[in-house]
> 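Quick one: the structure is below, and I'll ask about it shortly.
Residue numbers begin at 1 in each chain, while the letters A, B, ... track the order of the sequences. Treat the numbers as computed from the prediction; the structure is a model and nothing was measured.
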Amino acid sequence: MSEEETSELLAVRRRKLESLREAGIEPFPHAFAGVTPIAEAKAPHEGLADGEETDVRVRVAGRLHARRGQGKMAFLDLDDRTGRIQLQARRDVLGDEAFERLLTMDLGDLIGADGTIFKTRRGELSVLLSGWTLLAKSLRPPPEKHHGLTDTETRFRHRELDLMSNPETREVFVTRAKIVSAIRRFLDDEGFIEVETPVLQPIYGGALARPFTTHFNALEKTMYLRIATELYLKRLIVGGLERVYELGKDFRNEGLSPKHNPEFTMLEWYEAYADWEVVAERAERLVRAVGEAVGSEKFAQPWKRETLAGSVHSRTGIDVLANRSLESLQGAMREAGMEVPDEPNWAALVDYLVSKHVEPTLIEPTMLHDYPVELSPFAKRHREHDGLVERFEAFADGMEFANAFSELNDPDDQRARFEEQVRHAAAGDESAPPFDTDYIFSLEHGMPPTGGIGIGIDRLTMLLTGQRTIREVVLFPALK
RNA sequence: GCCGCCGUAGCUCAGUGGUAGAGCAGCGGACUUUUAAUCCGUUGUGCGUUGGUUCGAAUCCAACCGGCGGCACCA
């Protein structure tokens, strides 16, 4: 036995478990049929006058949260997913044995309760117990009842304790579920079909990121966890599915931060015959609908739009398009009295300027569009401006949450972009994706003009629930 | 990976060099309208780990482990 198992707190609960069994009471029964959610049990009776009783019978179940009194009458608070209700236990109603046995129940035990609804003199809607059942014995004490659980490490490593003691945590994850189902409803209604593409891939692509690597024993082959669903989804567009979406986990072998978890949930959709502006319009409508579904005002207004170059110019006075080489741009930054970081090329320096000087200022939902081709290996060239692609990224609260473009469907251009990325990889860029011959093969059969987007669901959930770190919207976030 | 802050009982927290505390929870008792119930009594194999300094370390120092924030990487 470990030291922990000998501790008095746990031993007391163990002894109670044994005494229940000795009394012929099953501490872990199989089911408890006919339970009404607590909020539903309460709702019809909120109008009762103080002290008013009913003969309405209810059956509720949940976790014992608190207990008051223990003479001839006791009050107990019972929690379920929908709320909390007070139980009134009376010796004269339950009888000596059931009453006394109930008082030996521990906080944290799961209890089923039968009784009638009434409102106490103090105005608390309650259940006058006519009977009760232990549904599962709890062998460890729950977190403290009124401060809840605040220790972040315990909250994330043992999310079940966070969920049982902090209702606001439950709300975040219920909202997250509503967000996901609202997304599916919206896209299904607009003629998209949901698909599943491989998580385990022989070659990774569709984004600039380092992958997780694993090994397929039967084939003696290195495999990768996907960093994006993009390339497989566009192969489905080539195949004629025309409107597809996938909601699923991507994996990127990068650092942890308040905005980054190594596995995260991404929505991507692709639609034939559309360009980035069609996608932008649909994305705005989708996010507005999702916001309405969860009662958030965050995306009620139309999103602002700025060109990427314009956004840098307005914040820093620097014209990145008039300084189209690394040396020239570095010079312009020095002239402006700015620190010049050590970046390998012009595109990386532009990316730096955006992330340092523009992104933090984008609080209201904003699209930046017209990106440099060097930053966008899968986006179609801009119909008017050389060196740019038709792409936008969407931001809010200083954080990117979506990335979309007119999809590159010229197989020869795509081949050249892959070759450029392969050169970057050879020069030591670990996030440059490898050449994907199957993808080129697919494009050579002809992909219609297509618009596509990726939306980070964790970040969207952060925005819609007001959470400041991704760990608060992921049930079991990555920890050391 | 780097820098800073943090780690005390099941939980929430006091305690900054003199030998470990409170509240809740627990245990025993009183109480038929409580709701952070109250009252009386009572328990606690706990200072993240390992070293070091000191007559003496939760407290000072070092390394390590873990958490948080920032940087780097990235979405």
> May I have the list of side-chain donor-acceptor pairs in residues 351-360 of chain A shorter than 3.5 Å, sequence neighbours left out?
unit_1 : atom_1 : unit_2 : atom_2 : d
A:S355 : OG     : A:D351 : O      : 3.1
A:S355 : OG     : A:Y352 : O      : 3.2
A:E359 : OE2    : A:E400 : N      : 3.4

> Map every base of RNA chain B to its dot-bracket character, where paired means a Watson-Crick or G-U wobble contact with both distances under 3.5 Å and | marks a partner outside the strand.
(((((((..((((....[..)))).(((((.......))))).....(((((..]....))))))))))))....
> Just checking A:Q88: base, sugar-phosphate only, or nothing, at a heavy-atom cut-off of under 4.0 Å?
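Base, at least one base heavy atom under 4.0 Å.
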> From C-beta outward on A:P141, which listed nucleotide comes closest to its side chain: B:rG10, B:rU32, B:rC27?
B:rG10
> Are any side-chain N or O atoms of A:K119 and backbone N or O atoms of A:E46, one a donor and one an acceptor, separated by less than 3.5 Å?
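Yes, because the side chain of A:K119 sits within donor-acceptor range (under 3.5 Å) of the backbone of A:E46.
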> CZ of A:R468: more than 12 outside heavy atoms within 6.0 angstrom?
no
> Heavy atoms under 4.0 Å, any strand shown: does A:R459 hit a base, just sugar-phosphate, or nothing?
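Base, at least one base heavy atom under 4.0 Å.
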> Of the nucleotides B:rC73, B:rU35, B:rA25, which has the atom closest to the A:E254 side chain?
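Of B:rC73, B:rU35, B:rA25, B:rC73 is nearest to the side chain of A:E254.
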> Rounded to the nearest 0.5 Å, what separates atom CE in A:M462 from atom OG1 in A:T465?
8.0 Å
> Ignoring backbone atoms, establish whether A:R13 has a side-chain N or O less than 4.0 Å from OP1 or OP2 of B:rC27.
no
> Is there a donor-acceptor contact under 3.5 Å from the side chain of A:R101 to the main chain of A:L20?
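No.
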> Scan the side chains in residues 364-371 of chain A for donor-acceptor partners under 3.5 Å anywhere in the protein, sequence neighbours excluded, and list what turns up.
unit_1 : atom_1 : unit_2 : atom_2 : d
A:T366 : OG1    : A:E364 : O      : 2.7
A:D370 : OD1    : A:H382 : NE2    : 3.2
A:D370 : OD2    : A:H382 : NE2    : 3.4
A:Y371 : OH     : A:E393 : OE1    : 2.8

> Over how many whole Å does the gap from A:M399 atom CE to B:rA75 atom P extend?
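Going from A:M399 (CE) to B:rA75 (P), I get 14 Å.
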> Give the residues of residues 56-63 of chain A touching RNA chain B, defined as any heavy atom closer than 4.0 Å, sorted by residue number.
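The answer is none.
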> Quick one: which of B:rA36, B:rA75, B:rU32 gets closest to the side chain of A:R90?
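Closest nucleotide among those given: B:rU32.
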> Applying ring-ring contact (aromatic ring centres under 6.0 Å, His included), can you list everything that pairs with A:Y245, at least two apart in sequence or on another chain?
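Here no residue qualifies.
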> Do the charged groups of A:R282 and A:E271 touch, with an N to O distance under 4.0 Å?
yes
> List the residues meeting side-chain contact (heavy atoms from CB on, under 4.5 Å) with A:S257, not counting sequence neighbours, and say none if there are none.
A:K259, A:H260
> For the C1' atoms, the ones on B:rC55 and on B:rC60, what distance do you get once it is rounded to whole angstrom?
16 Å
> Go through residues 204-212 of chain A and report each residue with a non-hydrogen atom lying under 4.0 Å from RNA chain B, sorted by number.
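Those residues are A:L208.
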> When you compare the side chain of A:I85 with that of A:L125, does any pair of heavy atoms fall below 4.5 Å?
no
> Using the 3.5 Å cut-off, write out each protein N or O paired with an N or O of nucleotides 12-15 of chain B and the distance between them.
unit_1 : atom_1 : unit_2 : atom_2 : d
B:rU12 : OP1    : A:T150 : N      : 3.0
B:rU12 : OP1    : A:T150 : OG1    : 3.3
B:rU12 : OP1    : A:D151 : N      : 2.9
B:rU12 : O3'    : A:T150 : OG1    : 3.4

> My understanding is that only residues two or more places apart in sequence, or in another chain, count here; which of them pass side chain to side chain donor-acceptor pair (under 3.5 Å) with A:R59?
A:D114
> Quickly work out the A:M73 CE to B:rA37 C1' distance and round it to whole Å.
11 Å
> If you only use heavy atoms from C-beta on, which nucleotide in B:rG26, B:rU33, B:rA75 is closest to the side chain of A:F118?
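So the side chain of A:F118 is nearest to B:rU33.
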> B:rA36 P sits how many Å from A:R67 CZ, rounded?
17 Å
> May I have all residue pairs that pass side chain to side chain donor-acceptor pair (under 3.5 Å) and include part of residues 227-237 of chain A, sequence neighbours excluded?
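Sorted pair list: A:T229-A:E268, A:E230-A:K234, A:K234-A:E407, A:K234-A:Y439.
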> Would you give a per-nucleotide map of nucleotides 65-72 of chain B, 5' to 3', where B means the base has a protein non-hydrogen atom under 4.0 Å away, S means only the sugar-phosphate does, and - means neither?
-SSSSS-B
> Can you tell me if the side-chain N/O atoms of A:K145 get under 4.0 Å from OP1 or OP2 in B:rA36?
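No, outside the criterion.
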> Dump every N/O contact between nucleotides 5-9 of chain B and the protein below 3.5 Å, one line per pair.
none

